Amino acid sequence: MYEKLLCLSFLLCAFSVINAKFPVDPKPCKYGDTECILKISNYFVKEKFQGDDAINLITIDPLKVAKINIKQGAESPVNIDLQFVNNNIEGLKSVKVAKIKGFGNDLTQKHAIHFMMPHVSLVGDYSINGKILILPISGNGKSNMTFVNTEMIVQFSGEPIQKDDGIHMKLKDIKIKFIPERLHYYFGNLFNGDKALGDNMNAFLNENWKEIFGEVQSSLESAFKQVVEAVLNTVFSKYPYEKYFVH
Ligand SMILES: *[C@@H]1O[C@H](CO)[C@@H](O)[C@H](O)[C@H]1NC(C)=O
């Protein structure tokens, strides 16, 4: 009898491990219930920006970015070799998820997440060399690029990945688009620390922020795409896709 109980409790225990699912608090959503998914996403951004093991969410504020390379050839008016090293993305905790599409029971369909970012900065070390709208630029030091009231649209479809515990979702064909209301650039220590030249260049960059952004937009978007993809893939690697939903 005792042996049977033991066996039973062992089975239950094994079962509870196999049956690991999306945490119950907050309550999970039904497939495709985009209003509910919107609320849950905002909960995680606001309350769990320091990370949450329950859904494999890494710390998103600050979000560490080891390296971003932006290299544009002479055919671009912004002909630069720009490298950000050991940067943090700051301010994601104040981001609002504004709209959700997809997340139905067919994970291979199109999904979209629209974020509104009031104030998000990329801060850290940089080095730059090249020409911006015919002006030569060079320097290395600390930089701060801040997006103000920027919409970020993330679109992807899911790729089913068969694992021991079921079918997981991996992001596929991810696309990112930024629609900024304003961008602020700051590059410290330009031109070997020549303050007058550096101040002038920073003023020039900020006066022409829109035109410059237009030129570097796709490089920036593809850099952020890798970051967003890594965060979301880590989240969805934790459980089979169906476990993120109530049925
Ligand atoms: C980056 O710049 C923005 C404004 O342009 C500012 O609000 C923010 O505090 C700066 N961040 C750091 C770490 O300097």
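Just so you know, these numbers come straight off a predicted model, no measurement behind them. Numbering of ligands and ligand atoms starts at 1, following listing order.
- The structure places CG of Asn144 at 7.5 Å from CD of Glu90, a figure rounded to the nearest 0.5 Å.
- Residue His184 approaches ligand 1 through these ligand atoms, each under 4.0 Å from one of its heavy atoms: 5 (O).
- Close N/O approach between Asn144 and ligand 1 is found [any backbone or side-chain N/O within under 3.5 Å].
- Remark: ligand 1 atoms within the under-4.0 Å shell around heavy atoms of Glu90 are 13 (C).
- At least one N/O-N/O distance between Thr146 and ligand 1 falls below 3.5 Å.
- Of the protein's heavy atoms, at least one falls inside 4.0 Å of atom 7 (O) of ligand 1.
- Within 6.0 Å of NZ on Lys170 lie no more than 12 heavy atoms contributed by other residues, nucleotides or ligands.
- Annotation: Gln226, atom CD; neighbour count of heavy atoms from other residues, nucleotides and ligands within 6.0 Å does not exceed 12.
- Of all heavy-atom pairs spanning Phe147 and Phe224, the tightest one is CE1-CZ, 4.2 Å.
- Of all atoms in ligand 1, numbered sequentially from 1 with element shown, those under 4.0 Å from a heavy atom of His119 are 7 (O).
- Side-chain contact check for Thr108 and Glu159: no donor-acceptor pair (N or O, by modelled atom type) lies under 3.5 Å.
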